[in-house]
Amino acid sequence: MKLKFMPIDYDYFDFEGGNYVWMIGRDGKGEKICVVDSYDSNFWIILKKEFEGDASKVVEKIKNVKFERDSRTSEVLNTKVVEKNFLGHKVKAIQVFVTNHKDAHAIASEIGDMKEIENRREYDVPLISKYIKEKDILPLQWYEIEVENLGVDDLGGFGEGFSLKKIFRLKSSKKIEGPDFLPLILAYDIETEGMDATKSSVLSISLYSKGYKKVLTWKKCKGAPDYVETLKNEGEMIEKFVEEVHKFDPDILVGYFSDGFDLPFLKTAADREKVDFNLGLDGKDPKFSRGRIPVGKIAGIVHVDAYRFIRSVFAQYMQSETLGLNDVAKELVGEEKEDFDFKKLANMKDSDWKELFSYNLQDSKITYDLTQKILPDLYEFTKITKEPLFDTCRASMSSHVESYLIHNLDKFNEIIEKKPIGNDIGERRSYGKYEGAFVMEPIPGLYENIVMFDFTSMYASVIVTYNLSKSTFNGKEFSKDEGFFPILLKDLIEKRKAAKKEFAKDSSAMAKARSNAYKLLANASYGYQGFFGARYYSREAAAATAKMARENIHAAMKKIKDSGYKIIYSDTDSIAFLQDGKKDSQILELLEEVNKKLPGIMELDLEDFYSRGIFVTPRSGIGGAKKKYALIDRKGKLKIRGFETVRRDWCTLTRRLQSQILEKILKDGKIEGSVELLKKVVKDLKNRKIALSDLMIRTQIKKGVSDYLSTGPHVVAAKKMMERGEKVTSGMLIYYFIGEVNGKTKRIGDKVFLPDEKADYNIDYYLNNQVLPAVENIFDVFGVDVREILDGGKNSTLSDFK
DNA sequence: GGAGTTCGCATACC
DNA sequence: ACAGGTATGCGAACTCC
């Protein structure tokens, strides 16, 4: 029987000691089907140069290797001697086929360090990755497949318990063209009494999709809206949730932080209430793998935690100050959470329940909208890195790069390098840092008409231009023969260029996502080579990349300088200089001139023209501060970098005042008027007119409270919270303000108050440790001494300012 | 016990 | 631990007399 098939989700199981892969996907009619295929687990043995002629001898020695574990016998089934490449060199290798992939590593060890063997490889590559690579059955691509029905008793009754009835055994497959995949997405969110699932109940569960909304609860509430369905108790509510998900039959079930909260909470609650939580299409419960954050896998439905993908792929390019649902949804889709005061939970009226249900539903709705927004990116990452959607949405940037490499190595007939283990990591980390980017110290001042050039994907183009990678380094220098890493990176850069052009033409979300995915992968590839956990780690390549980047930026700076321009700033891949009355066209000519001299694929680009910019001294008062400046472009749009305005650990009052002053200066080109802005704030501060919310300081707690060597104010605040019985977890933002206390104390930590504590704010602190430090250096550029103006020449007592 | 310095920490830039 | 190094700047903790 022939079918069209697009795999979405992959998993595997054992039968009679061997490995089988099962895929859930859609057929040509859009129906969900399951396709089962066998997988022949294998790894590689690479022979030493001098023993290449002894391949058959080695085969003879290893073909009887057996390994027993957990009443399972694994053995070598077959071998194949093949000419391969490894790290760019031709090698003679033996592909060793074994019974079970779980034992591949053990068998590789069992074979041991024979004198003929140089290396053993690929036993550490996950089964699904190997399957996708070797059988070339890629996620989210269409195939024409030849299948036969899988009988009920086949493969040990594999299909037993499946709610999905169409289960096939794969005979052959052929890649074909097909329409883009529009997955059916269902978002969910839960509200609970507390944080401990063994004790606290789930109060309600919301579900949302296009044309579908539902809130399940067991809390009685008069006059609840139609979308609310009230069940008898918590257990029945959870059962109903499972039923609703199965009825809706989504490709993707998505939550926000649902790996870490919603799914495990529901599972624990289901166990506590002794009801089934068989969400999987195989009739089983979600599986949770151990790790820092648990991962919830539902068989046949891709469980997506939108938070994880956003954090690893988008976070560094986003403006949001937290990665909470509210901030992220506001930035990406312009929607916000509703308000609900959780203190009310202790005593809920009907109207409060209605509010909670609405709040619950809104969370699912914005999670759904957010998922629609990031879906093109998720889709492109999946296609480019060729890993299943489930893994793509959870993978770190380094593993995206690595997947991209691994799945493209066949073009180079290349065996995959191993992951570092135990000692390797310690050793790699012990080398310490290498020299990185060049940052020029600016001269503080207000500048007019500034041009900014920057290199496009500088580090990636350096790697390609100079052929810098693990396999092209011979211990001393980098070979001229192009290595697979630079070639694949060059491919990424070219594809990115093409995608960018395509986007300029059709401007679809998908075209944009394609361009974005290529760019992100290319930009992460430099960090990947310097990352101790990388298979293709090369400290030499990373250090050389930084070095050649420095050389190139210096050469470009010299060219610009020699053409008569004054450079005012440079950081890593950008150069800012004064236009100095020259026409725009002359600047573009200069750009072309510089570009002519650049080696390889390196390219300098015009970032923008700015009408003004300000650079300040650092707090030490010596020279100019790096990574701290504000520019205004010709359209009047501000670009503020490094200033307190863009730092979330400064209070709103300070940030707002500083940004107002920067804006005024950059728009007017003079300091006049800014003193008044400051005076007003100081006056309000002294008269206690400032709202406490504008004085709240937010700092992230990044480890366990007891692990701190130095007890900063936010640690003091966290301790206070714990004393009250509030939960403090590492990674959360701690809010506090500095208040007045009696008695002598030096430590600011002794004046820390939590947001709801009753205390007067500390005028002296907010004046001398917040507002003034943030604006002083800006005024200083204009020769204005703020403290002198504020207290009329006296010290900073400011007593005459009421 | 105060002044000066170093260190730990969070956050930003690219 | 889950890409890298370069920077600012606070506040606590230390050193020194």
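Given the structure is predicted, the values throughout are model-derived calculations rather than measurements.
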Under 4.0 angstrom, heavy atoms only, what part of the nucleic acid is F643(A) near: base, sugar-phosphate, or nothing?
-> nothing
Tell me the side-chain hydrogen bond (donor to acceptor under 3.5 Å, both in side chains) pairs involving residues 526-549 of chain A, sequence neighbours left out?
-> D124(A)-R535(A), E402(A)-Y528(A), E402(A)-R535(A), Y434(A)-Y526(A), K547(A)-E551(A)
Of the nucleotides dC10(C), dT11(B), dG11(C), which has the atom closest to the K702(A) side chain?
-> dT11(B)
Which nucleotide in the list dC9(B), dG11(C), dC14(B) gets nearest to the side chain of H714(A)?
-> dC9(B)
Set out, line by line, the N/O atom pairs under 3.5 Å between protein and nucleotides 5-8 of chain C.
residue : atom : partner : partner atom : Å
dG5(C)  : O3'  : Y434(A) : O            : 3.3
dG5(C)  : O3'  : G436(A) : N            : 2.8
dT6(C)  : OP1  : G436(A) : N            : 2.8
dA7(C)  : OP1  : K626(A) : NZ           : 2.8

[X]: partners by salt bridge (Lys or Arg N to Asp or Glu O under 4.0 Å), with sequence neighbours left out:
| X | value |
| --- | --- |
| R428(A) | none |
| D571(A) | K627(A) |
| K719(A) | none |

Shortest non-hydrogen contact from N516(A) to F314(A)?
-> ND2-CE2, 3.9 Å
Using the test side-chain contact (heavy atoms from CB on, under 4.5 Å), find all partners of N408(A) that sit at least two apart in sequence or belong to another chain.
-> K386(A), Y404(A), K411(A), L488(A)
Rounded distance (Å) that lies between atom P of dA1(C) and atom CZ of R429(A) | 6 Å
For residues 645-652 of chain A, please give each side-chain donor-acceptor pair under 3.5 Å, one per line with the distance, not counting sequence neighbours.
residue : atom : partner : partner atom : Å
T645(A) : OG1  : Q658(A) : OE1          : 2.6
T645(A) : OG1  : S659(A) : N            : 3.4
R647(A) : NE   : D649(A) : OD1          : 3.3
R647(A) : NH2  : D649(A) : OD2          : 3.3
R648(A) : NH1  : E321(A) : O            : 2.5
R648(A) : NH2  : Q700(A) : OE1          : 3.4

Which of residues 396-408 of chain A have a heavy atom under 4.0 Å from DNA chain C?
-> S396(A), M397(A), S398(A)
Show me the donor-acceptor pairs within less than 3.5 Å that the side chains of residues 419-426 of chain A make with the rest of the protein, sequence neighbours left out.
residue : atom : partner : partner atom : Å
D424(A) : OD2  : I421(A) : N            : 2.9

